[in-house]
Participant: 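Take a look at this one; I'll ask things after.
Note that this is a predicted model, so its numbers are computed, not measured. Note that ligands are numbered from 1 as they come in the structure, with each ligand's atoms numbered from 1 the same way.
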Amino acid sequence: MSVFAEAPEPDPEAAEAGRLLFAGPVAFLKGVVEMPALPPADRLEVCFAGRSNVGKSSLINALTGRKALARASNTPGRTQEINYFSLGEQRYLVDLPGYGFAEAPKAVVARWQELMRAYLAGRVTLRRAFLLVDARHGPKPVDEEIMTLLDRSAVTFQAVLTKADKPGASDLAAAVAATKATLAKHPAAFPEIIVTSSETGRGLATLRATVADLA
Ligand code: GTP
Ligand code: MG
């Protein structure tokens with residue numbers, strides 16, 4: 001049996017801590033286009049990484065209940081900077097540019113890809129990377145590449161399936177199984193998978209509680 005499992009529902013206390021954290025102050029801080037411009041590494045941060053269009057920005061909006069905090073769109077390559085949001089006084093949420101296909105000029109895409117990789121490999125206060133995977137498809141080779149980078153940098157990452165409202169039950173189960181099999185190959189993988197939908201709210205309480213629990 002795999003040690004990887006779907007994260008359980010948070011207990012009421014943990015759920016309430018998550019709810020309170022995300023209902024509190026959240027603000028856009030800055031968009032960063034080069035590593036030296038990162039804010040001072042003075043608090044813990046979590047980031048949302050994943051292929052272009054997987055739903056990173058939408059998930060930040062859904063978690064915070066602010067519809068247009070992070071810019072989301074149907075055009076792959078919408079997020080082109082490392083976007084910092086403050087969550088309360090002690091945490092940053094970080095929205096990353098996607099990897100994989102993007103509708104932008106090649107040289108430009110190469111620049112943010114390099115920045116995104118440098119960030120994932122070298123941000124000392126990055127406490128956990130949420131690695132978003134489309135619930136219709138499961139992990140792709142490019143996701144595995146990023147997982148390997150996180151292994152090498154010893155950054156704990158947690159798989160979050162997105163758009164769980166889209167696949168039918170059997171396709172979703174197949175994507176969960178494929179994700180578990182992939183995670184088993186990666187030492188930096190956190191053992192629980194969170195299944196989410198920014199449309200229906202599925203999994204959001206679990207994810208909020210997870211972020212709140214990081215001390
Ligand atoms: P980049 O910034 O381009 O890398 O994309 P992203 O990962 O930030 O994706 P974004 O949040 O912009 O969402 C991409 C598209 O997927 C948008 O059209 C969203 O409305 C849609 N989407 C995101 N999350 C969900 C979801 O949970 N369910 C459904 N049905 N659609 C979603
Ligand atoms: Mg985005």
Participant: For residues Thr179 and Leu161, determine if any side-chain heavy atom of one lies less than 4.5 Å from a side-chain heavy atom of the other.
Facilitator: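 They are in contact (side-chain heavy atoms under 4.5 Å apart), so the answer is yes.
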
Participant: Does Leu214 offer a backbone N or O that forms a donor-acceptor pair with the side chain of Arg91 under 3.5 Å?
Facilitator: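 Yes; judged by distance alone, with no hydrogens or angles, the pair exists.
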
Participant: Using salt bridge (Lys or Arg N to Asp or Glu O under 4.0 Å) as the criterion, list what pairs up with Lys166, not counting sequence neighbours.
Facilitator: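 Per chain and number, Lys166 pairs via salt bridge (Lys or Arg N to Asp or Glu O under 4.0 Å) with no residue.
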
Participant: Measure the distance from atom 27 (O) of ligand 1 to every protein heavy atom, then report the residue, atom name and distance (to 0.1 Å) of the closest one.
Facilitator: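 Answer, as residue, atom name and distance: Ser198 N, 2.8 Å.
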
Participant: Within the distance-only criterion (no hydrogens, no angle test), does the side chain of Asn61 pair as donor or acceptor with the backbone N or O of Ala70 below 3.5 angstrom?
Facilitator: yes

Participant: Can you list the atoms of ligand 1 that are under 4.0 Å from a heavy atom of Ser197?
Facilitator: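 Close to Ser197: 27 (O).
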
Participant: For residues Gln80 and Pro97, determine if any side-chain heavy atom of one lies less than 4.5 Å from a side-chain heavy atom of the other.
Facilitator: no

Participant: If you have a sec, work out which protein heavy atom is nearest atom 14 (C) of ligand 1 and how many Å separate them, to one decimal?
Facilitator: Asn53 OD1, 3.0 Å

Participant: Would you find more than 12 non-hydrogen atoms of other residues, nucleotides or ligands less than 6.0 Å from Glu9 atom CD?
Facilitator: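 Open: at most 12 neighbouring heavy atoms sit under 6.0 Å from CD of Glu9.
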
Participant: May I ask you to check whether Glu145 and Tyr99 show a side-chain donor-acceptor distance below 3.5 Å?
Facilitator: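 Distance-only check fails for Glu145 and Tyr99.
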
Participant: Could you check whether any heavy atom of Asp165 sits closer than 4.0 Å to an atom of ligand 1, since that is the contact criterion I want to use?
Facilitator: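 Yes; Asp165 lies near enough to ligand 1 that a heavy-atom distance drops under 4.0 Å.
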
Participant: Gly98 heavy atoms, cut-off 4.0 Å: which ligand 1 atoms fall inside?
Facilitator: 4 (O)

Participant: After noting the C-alpha distance and the side-chain angles of Arg19 and Glu16, does the key distance pass the salt bridge (Lys or Arg N to Asp or Glu O under 4.0 Å) rule?
Facilitator: CA-CA 5 Å; Arg19 190 191 68 75; Glu16 181 60 6; 2.9 Å; yes

Participant: Using a strict cut-off of 4.0 Å, indicate which atoms of ligand 1 neighbour a heavy atom of Gly55.
Facilitator: 6 (P), 7 (O), 9 (O), 10 (P), 11 (O), 13 (O), 23 (C)

Participant: Test your reading of the model: is there a side-chain donor-acceptor pair from Asp95 to the backbone of Asn83, 3.5 Å cut-off?
Facilitator: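 Not confirmed, Asp95 side chain does not pair with Asn83 backbone.
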
Participant: With atoms numbered from 1 as shown, which atoms in ligand 1 lie under 4.0 angstrom from a non-hydrogen atom of Pro76?
Facilitator: 3 (O)

Participant: Based purely on interatomic distance, does Arg71 place a nitrogen or oxygen under 3.5 Å from a nitrogen or oxygen of ligand 1?
Facilitator: no

Participant: Indicate yes or no: does an N/O atom of Val54 lie under 3.5 Å from an N/O atom of ligand 1?
Facilitator: yes

Participant: Look at the side chain of Glu6 and the backbone N and O of Val176, then say whether any donor-acceptor pair between them is shorter than 3.5 Å.
Facilitator: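 Such a contact is absent between Glu6 side chain and Val176 backbone.
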
Participant: Select the closest option to atom 8 (O) of ligand 1 among Ser57, Gly100, Ser52, judged by heavy-atom distance.
Facilitator: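 It is Ser57 whose heavy atom sits nearest to atom 8 (O) of ligand 1.
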
Participant: Sorted by chain and residue number, which protein N/O/S atoms are under 2.8 Å from the Mg ion (ligand 2)?
Facilitator: Ser57 OG, Thr79 OG1

Participant: Enumerate the atoms of ligand 1 whose separation from the nearest heavy atom of Thr75 is less than 4.0 angstrom.
Facilitator: 3 (O)

Participant: Quick one: do the Asp134 and Thr162 side chains pair a donor with an acceptor below 3.5 Å?
Facilitator: no

Participant: At under 4.0 Å between heavy atoms, is it the side chain or the backbone of Ala62 that contacts ligand 1, or both, or neither?
Facilitator: neither

Participant: In terms of residue, atom name and distance, what is the protein heavy atom nearest to atom 7 (O) of ligand 1?
Facilitator: Lys56 NZ, 2.7 Å

Participant: In the hydrophobic clustering that connects Ile, Leu, Val, Met, Phe, Trp and Tyr at side-chain heavy-atom distances below 4.5 Å, which members other than Leu20 occupy its cluster, ordered by chain and number?
Facilitator: none

Participant: Return the closest protein heavy atom for atom 29 (C) of ligand 1 as residue, atom name and distance.
Facilitator: Glu199 CG, 3.3 Å

Participant: Which protein non-hydrogen atom lies closest to atom 25 (C) of ligand 1, naming both residue and atom, and how far is it?
Facilitator: Lys163 CG, 3.5 Å

Participant: Between Ala104, Gly50, Ser73, flag the one that comes closest to atom 12 (O) of ligand 1 by a heavy atom.
Facilitator: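 Minimum heavy-atom distance to atom 12 (O) of ligand 1 goes to Ser73.
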
Participant: Walk me through it: do Arg123 and Glu45 pass the test salt bridge (Lys or Arg N to Asp or Glu O under 4.0 Å)?
Facilitator: CA-CA 9 Å; Arg123 180 65 166 170; Glu45 64 195 52; 3.0 Å; yes

Participant: Is any N or O atom of Leu96, backbone or side chain, closer than 3.5 Å to an N or O atom of ligand 1?
Facilitator: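 The answer is no, given that Leu96 and ligand 1 share no N or O pair closer than 3.5 Å.
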
Participant: Residues two or more places apart in sequence or in another chain: which of them pass side chain to side chain donor-acceptor pair (under 3.5 Å) with Gln158?
Facilitator: Arg128

Participant: Considering the heavy atoms of Ala72, write down every atom of ligand 1 situated less than 4.0 Å from one of them.
Facilitator: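 Near Ala72, meaning under 4.0 Å from one of its heavy atoms, ligand 1 has 10 (P), 11 (O), 12 (O).
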
Participant: Of the protein's non-hydrogen atoms, which lies at the shortest distance from atom 24 (N) of ligand 1, and what is that distance?
Facilitator: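 Ranking protein heavy atoms by distance from atom 24 (N) of ligand 1, first comes Ser58 CB, 3.7 Å.
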
Participant: Using modelled atom types only, decide if a donor and an acceptor are shared between the side chain of Thr200 and the backbone of Arg202 within a distance under 3.5 Å.
Facilitator: yes

Participant: Which atoms of ligand 1 are found less than 4.0 Å from any heavy atom of Asn74?
Facilitator: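 Numbered from 1, ligand 1 contributes 18 (O).
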
Participant: Heavy-atom contact under 4.0 Å between Asp95 and ligand 1?
Facilitator: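 No, that is not the case, since the closest heavy atom of the residue is not under 4.0 Å from the ligand.
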
Participant: So do the side chains of Leu93 and Val46 get within less than 4.5 Å of each other, counting heavy atoms only?
Facilitator: yes

